[in-house]
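What's counted below: heavy atoms across the whole structure, side chains too, no hydrogens, waters or symmetry copies. The structure presented is a predicted model; accordingly, all values stated were derived computationally and were not measured.
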Amino acid sequence: MTRKREFDRRVKEQASQPPGTPMFIGKRKMEEVRISYMRYNENLYEEKDNSTPEECAELCNSDEVVWINVEGIHDESIVEKLGKLFSIHALTIEDIVNTLQRPKFEDFSSYIYIVLKMLDYSQTDVAMTPEQVSVILGRNFVITFQERPGDAFDPVRERIRNGRGRIRKAGSDYLAYSLMDSVVDSYFLILESIGDQIEDMEDRVILEPEPETISDIHRFKRAMLFMRRTVWPLREEIVLLEKSESELVDESTSVFLRNLYDHTIQVIDTVETYRDVISGMHDMYLSSVSNRMNEVMKVLTIIATIFIPLTFIAGVYGMNFHFMPELKWPLGYFATLGIMLVVALFMVLYFKRKRWI
Amino acid sequence: MTRKREFDRRVKEQASQPPGTPMFIGKRKMEEVRISYMRYNENLYEEKDNSTPEECAELCNSDEVVWINVEGIHDESIVEKLGKLFSIHALTIEDIVNTLQRPKFEDFSSYIYIVLKMLDYSQTDVAMTPEQVSVILGRNFVITFQERPGDAFDPVRERIRNGRGRIRKAGSDYLAYSLMDSVVDSYFLILESIGDQIEDMEDRVILEPEPETISDIHRFKRAMLFMRRTVWPLREEIVLLEKSESELVDESTSVFLRNLYDHTIQVIDTVETYRDVISGMHDMYLSSVSNRMNEVMKVLTIIATIFIPLTFIAGVYGMNFHFMPELKWPLGYFATLGIMLVVALFMVLYFKRKRWI
Amino acid sequence: MTRKREFDRRVKEQASQPPGTPMFIGKRKMEEVRISYMRYNENLYEEKDNSTPEECAELCNSDEVVWINVEGIHDESIVEKLGKLFSIHALTIEDIVNTLQRPKFEDFSSYIYIVLKMLDYSQTDVAMTPEQVSVILGRNFVITFQERPGDAFDPVRERIRNGRGRIRKAGSDYLAYSLMDSVVDSYFLILESIGDQIEDMEDRVILEPEPETISDIHRFKRAMLFMRRTVWPLREEIVLLEKSESELVDESTSVFLRNLYDHTIQVIDTVETYRDVISGMHDMYLSSVSNRMNEVMKVLTIIATIFIPLTFIAGVYGMNFHFMPELKWPLGYFATLGIMLVVALFMVLYFKRKRWI
Amino acid sequence: MTRKREFDRRVKEQASQPPGTPMFIGKRKMEEVRISYMRYNENLYEEKDNSTPEECAELCNSDEVVWINVEGIHDESIVEKLGKLFSIHALTIEDIVNTLQRPKFEDFSSYIYIVLKMLDYSQTDVAMTPEQVSVILGRNFVITFQERPGDAFDPVRERIRNGRGRIRKAGSDYLAYSLMDSVVDSYFLILESIGDQIEDMEDRVILEPEPETISDIHRFKRAMLFMRRTVWPLREEIVLLEKSESELVDESTSVFLRNLYDHTIQVIDTVETYRDVISGMHDMYLSSVSNRMNEVMKVLTIIATIFIPLTFIAGVYGMNFHFMPELKWPLGYFATLGIMLVVALFMVLYFKRKRWI
Amino acid sequence: MTRKREFDRRVKEQASQPPGTPMFIGKRKMEEVRISYMRYNENLYEEKDNSTPEECAELCNSDEVVWINVEGIHDESIVEKLGKLFSIHALTIEDIVNTLQRPKFEDFSSYIYIVLKMLDYSQTDVAMTPEQVSVILGRNFVITFQERPGDAFDPVRERIRNGRGRIRKAGSDYLAYSLMDSVVDSYFLILESIGDQIEDMEDRVILEPEPETISDIHRFKRAMLFMRRTVWPLREEIVLLEKSESELVDESTSVFLRNLYDHTIQVIDTVETYRDVISGMHDMYLSSVSNRMNEVMKVLTIIATIFIPLTFIAGVYGMNFHFMPELKWPLGYFATLGIMLVVALFMVLYFKRKRWI
């Protein structure tokens, strides 16, 4: 939650602006904005790393598929310039630079706007850091906006370079699908590493429940909630994309989108399973802690209870009455010790029979 | 909840009135009712602070957009007069002066009636005070009724004055949208300040759980519930407004309404996240309290348990039997002290090995 | 729940009857059945207190609106006679005299049958007593069946007498609406008085939690559940009435029904809020009780723990060994007392530093 | 749950059969299968107790309504013979002899198949035993299959014999409705007897909570869950029957089915109310048990705490130091007793003021 | 959860492949892939155990129904070859070899793809191992892919061999139905064996609650959750299959599918019942454990409390004051013993009257 603090000033500023005013809300994650592009069709393939908005806009006049990738969105002016060149609605521009968006799908007929959330999972603090990725799908181009350079899209790039799979033969809609697919794939990787951690923690909960364990459990709970909130709207988004009658989405892509939908459902399913496992662990922790405490209290109380009657007997013969016949008996002392032993044994046996020890 | 008391008499009175009888229900928050207006189009801009219902009604005959703002709704007669001049249904008048309304949307074909709830959040008592804002959207006018003078609409006013953004070029529907947008923006500000408070409290829950903490947690819970109840119907309201086929709402406004809808969903999402965080804190508080209690009990019981057998030994040699050989041994006393030490050490070691201390 | 006992015999009897056999199920709440009517239109107004079914039936041949009110439904024969005169279906008759009905809406084309539930709330036992009110809405008449004379409908009567509001100008559907409205108004009054009680109890939960408090909390819980069960079907009922294409309901009434619907939603909202508050109080009670118990246990255990080592020291110097050098030291006694004081102080300080006291 | 064991062998066998193979699954509840019939129309009425499938099939060629009742379904061959004579689908036959069916409705155009569940409630073990009743509704006949002879249908029989109510004038669909109605009536009787038991238990929970109470509460919980599972699908079934456009169901019956639907909703409502009451009792039991334990611990600990300082004082003056001036004071003993009394009183007062005793 | 570890490498690899690349994800459960087929119509029947993809493809040119069963899916090349021969979509191939699929239904017009999950239940560890079964339903063929040789389909094979039931007369859709039916039958068998285990555990929970019991309860909880997740999508799948307007599914099969649907609902119902029973057992375990602990604490504390005042009395007469008149009384000692007895008896009686012992 500490991340949130850095937004305060900006949100307040934004609140006083007219809607459609682009204003970066979020945490700047890199220095310079970098624009790169890939241009390809079945035969041709071209790639450039430091490009300008104007160059990119020009590219799109030909028929090849163009993928423009913008890394860094904190400079509103660059995003705005791109927006103007590709005639993107002011509200879309505003959304692109506001990193608090939920995953969403909007069809502006001339282009489709998709918000994705990549997740960066840190095993040590069990924390998810979201990165917002905006995808603009146009007739023959896709523009992606990332908060910082990242490698989640590298497999897609690789496939374009090598011409493996369908990607070079298909249109911009298939490229957009591929990007969404690689985001969902990254969720699977996160789930696997969380799965391993949960497995490890399960043993710890039973064997050595400590106050920190409960914090850990809550951290996992929260991570899963976060993931759920991220994936649920994505699922909806895919349905909307598949159902959309936009001419930007070819019919042949829809079988892939259905497949992607299935994967998303699988992610949600796994998240739900983990949530159940975690909430089970919470129960186990509580009953494990109370079990240990009960153990402590029981053993200690038993020891105390055995000695209390013995101490009483010792107290009786510590009284200073002048006339106490037992005191003069030669074996009085040893008889008393014997009686004490008998009482102690009897109590131990009684506790044993009651199965308390 | 103390606020409620002040309503009693009025609700009872209202119950015996025929439906459609305007009767102020709520707490009077200012003295004098004040009517102000703004009139504008792309070129023209005019503003007046102390106006009368009649003057306002006349303004609306021309083609400019007119925004009439009424501050103070406790004087039913003024609201009624306005109602008559703008031919507003008696039930709408009744709703305007009843501050117990939920956010709602009603399409009376000649005008649209929208109830909004502004929230005033006090950090010190973690309490939300709602203020009801009624919006009447007509062909070329918007009438707003506020319970008291407030500044949530100031950014909109500022934009009208400066002619920044679309607002001066657009119609009354865009004005209504802008007002709703500024209400939703104010929710974000509240959520931010609550977010900070929750963050602070999280540490306190773990480090120094006190009985007051649980009250605080409940206060946050309630504030979030309140907010949720306020925002859910707003979401619905926006959908109805966008979907409505009223000719009062221009098609070009609907992309803005969809954007506003997204913001509302974001608010709901954040509220839900906070609710989860708060309910997690409740769990943490309980387990933190029981942990501390367990600690106390454990250490104290351990001390007691170590001394009980020792006290027993001392008791034995405090007995007054005439024949107790050990008493006469020259080293009996020191041997006994030694045995006591051994017993104590043994118990400490045993507890250590069992990981109880 | 004690009320239920009185039904046993009758339900069993009813079970062996063919469907459509009217048989009073419930608790007789008055002696004599009393039929009264009001007849009115915009100009005319007439009222009679002791009427007969036949007289009432005749009235309805003219064009005025007639409201027939039957107080007491335990005499099946009178209800049946009315049923025959107004050609009401046998199943409706059966439902009218069975006070276990839920609120429901049935459209028999020639009339509409509406079941309402008035609630009688007793502050002292926090108990809701339902009273079933059946409303038959015909072309120009409304028949209401009440279990006992009551005053919830008095404001409506008053309005008819004075000709205030729309009621004298409108038809039988508006009368039916007014009756439903007055029932919903009575719910608001109940909620207000419960609200006050809950407010009072909140302080008690924190300051002096007692075993009875938990019973009280459960009583409130149950009252709210009861209310919820009563109001939810009413909400549905109003929707059905508004949506119904029956020619008995004039279009102009539907804006009033929508308003009534909003009020019902407000009731439900308040009930839900109270349910949350009450369940919060349950949590607070539990944590308040466990807090007090912890307090007791902690202070007592601390006192015990301080004295146990001291008693041990006293025990040591109470031993009767012949050779115990300290015993002969002139200042042995005072030194020992001093050591005891030091030990006690040390423990108090330790507890203080650990923040246990 | 013990009842289930008797099924094991049969389910396994069934699993290896082709679908549509009738195989009795359940517990045989009677010896001989008995077929009886009633034949009636408005004027005629005939009844026979020991009939054969063939005789029954022949009866149905005339126009009277025929009700064939089969008691005992463990003999698959008889059910199959009937099935063939009335051309009933193999899957229906399989369902009739499988007592694990849920209530369901199937429209096979030439007949309608309805599964009902009668419940046998035993107050002593708070256990529900279901009995499956299959109803085949044909053009002019109804065939019912019961697991054993029972009296739930007796009121219907009686009405046919006496010609009371509509039944003799109506068709086979009204007969099927009457049978369903008598099943729902039997649910009401069960709910009443459970209601009484719950009422009794409520007092016990508060006054003498015992470990068995919790088992009882769970038994009630389970009984209510069982009932809920039985009635929910019945509700659906009735809707399907009413909505079905089968020509076997006359339009005039649908008002009765709607009434039956209302009764079913009432049953569900009562079940839900009881579930809430029971879960409230669970809470009360827990807080009542912890209350009693707290009481015990508190009083005992207080006694212990008062005596610990006193015992310490006694210990001090039991020390054997040679120089202890107080020991020689003539009033030392009584002064010490006095001090002990003062300490004890002080502690009692302190506890009183803290409201711990 | 340990099973999951074996997937890690493969999922990561898969994530970097273009969609539609078949890559086995799962645990290899057998050595060699084995292809077998059955070919039949009403008169003819043929079966072969070690076949090749090519041979199978050729078979399907004639009109008989062909069932091709592939055991082992870890060899992607064989699955791919089959896919090409039967023109199956690349994404289907990918899904077949990915054992992490949920049950799903996809209609590719020329064939229908169904994913089933067989469950292998181990009573000793209360663990479910899923096995994925893919079913391809074509015009006159069914291809099934199993992870390993299994016997769940044996009853179907037997019926084809013997020509029992409808199977030989019906088409490939009926075969697909039969396979699904046998999977659902296998769920019933699992539920029965779990039912027995739960019944056994219920007694243990009350009589000897041990820390392991809670782990067992959680294992059952998880198994039921797993089963629920498996059966819910199956239910949906059957609805989609029945509702599908594919010409591959004959209308006469739909009554069987409805029947299968009912069975699935029965499975879900039983799973839900078990879940309720298990969660009830959790409550019982907790209250049983706390009950035993209370017992222990109570008895022990009572013993301690009785002896504390007695020890105090003994302490008083152990004091060494020179002037203590009682000490010199001849019967002082016995009187003191008597008083101790009286005090002890009084306390026992007091505890008895308070019903604490």
If I measure from the heavy atoms of chain B, does [X] come under 4.5 Å with its side chain, its backbone, both, or neither?
X: A/Q101; answer: both
X: A/F334; answer: side chain
X: A/L337; answer: side chain
X: A/L310; answer: both

Selection from A/M297, A/M340, A/K221 maximising heavy-atom pairs under 4.5 Å formed with chain B =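 With the most close heavy-atom pairs to chain B, the winner is A/M340.
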Residue selection (most heavy-atom pairs with chain B, distance under 4.5 Å) from A/A314, A/G315, A/A304 =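 Top count of heavy-atom pairs under 4.5 Å with chain B: A/A314.
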Interatomic spacing from [atom1] in [X] to [atom2] in [Y] - rounded to 0.5 Å:
X: B/Y350; Y: A/I303; atom1: OH; atom2: CD1; value: 7.0 Å
X: B/T273; Y: A/R222; atom1: OG1; atom2: CZ; value: 10.0 Å
X: A/L100; Y: B/T270; atom1: CG; atom2: OG1; value: 8.0 Å
X: B/R258; Y: A/D107; atom1: CZ; atom2: CG; value: 8.5 Å
X: B/L327; Y: A/Y333; atom1: CG; atom2: OH; value: 7.0 Å

All side-chain hydrogen bond (donor to acceptor under 3.5 Å, both in side chains) counterparts of B/Y45, not counting sequence neighbours =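 Result, side-chain hydrogen bond (donor to acceptor under 3.5 Å, both in side chains) vs B/Y45: B/E47, B/R161.
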Partner residues of B/T336 under the side-chain hydrogen bond (donor to acceptor under 3.5 Å, both in side chains) criterion, sequence neighbours left out |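 Testing B/T336 for side-chain hydrogen bond (donor to acceptor under 3.5 Å, both in side chains), a comparison that skips the adjacent residues, returns none.
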Heavy-atom pairs under 4.5 Å with chain A are the metric here; pick the option from [options] that has the most.
options: B/E326, B/M347, B/E158; value: B/E326
options: B/T301, B/T311, B/I308, B/D269; value: B/D269
options: B/I167, B/I302, B/L260, B/V255; value: B/V255

Regarding [X] and [Y], does a basic nitrogen lie under 4.0 Å from an acidic carboxylate oxygen?
X: B/D276; Y: A/R229; answer: yes
X: B/D262; Y: A/K104; answer: yes
X: B/E272; Y: A/R228; answer: no

So which bits of residues 316-324 of chain A come within less than 4.5 Å of chain B, counting non-hydrogen atoms only?
->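 So the qualifying residues are A/Y317, A/G318, A/M319, A/N320.
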With chain B as the partner chain, list the residues of residues 108-116 of chain A whose heavy atoms fall under 4.5 Å from it, by residue number, and write 'none' if nothing qualifies.
->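 Listed by number: A/F108.
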Counting only heavy atoms closer than 4.5 Å, note whether [X] contacts chain A via side chain, backbone, both or neither.
X: B/Y174; value: side chain
X: B/F256; value: both
X: B/I313; value: neither
X: B/N291; value: side chain

Grab the two heavy atoms, one from A/I214 and one from B/M284, that are nearest each other, plus how far apart they are.
->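 Closest approach of A/I214 to B/M284, heavy atoms only: O-SD, 4.5 Å.
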Quick check: are there more than 12 heavy atoms from other residues, nucleotides or ligands sitting under 6.0 Å from NZ of A/K84?
->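 Count not over threshold, so no.
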Where the side chain of B/Q266 meets the backbone of A/R102, is there a donor-acceptor pair that is under 3.5 Å apart?
->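 No; judged by distance alone, with no hydrogens or angles, the pair does not exist.
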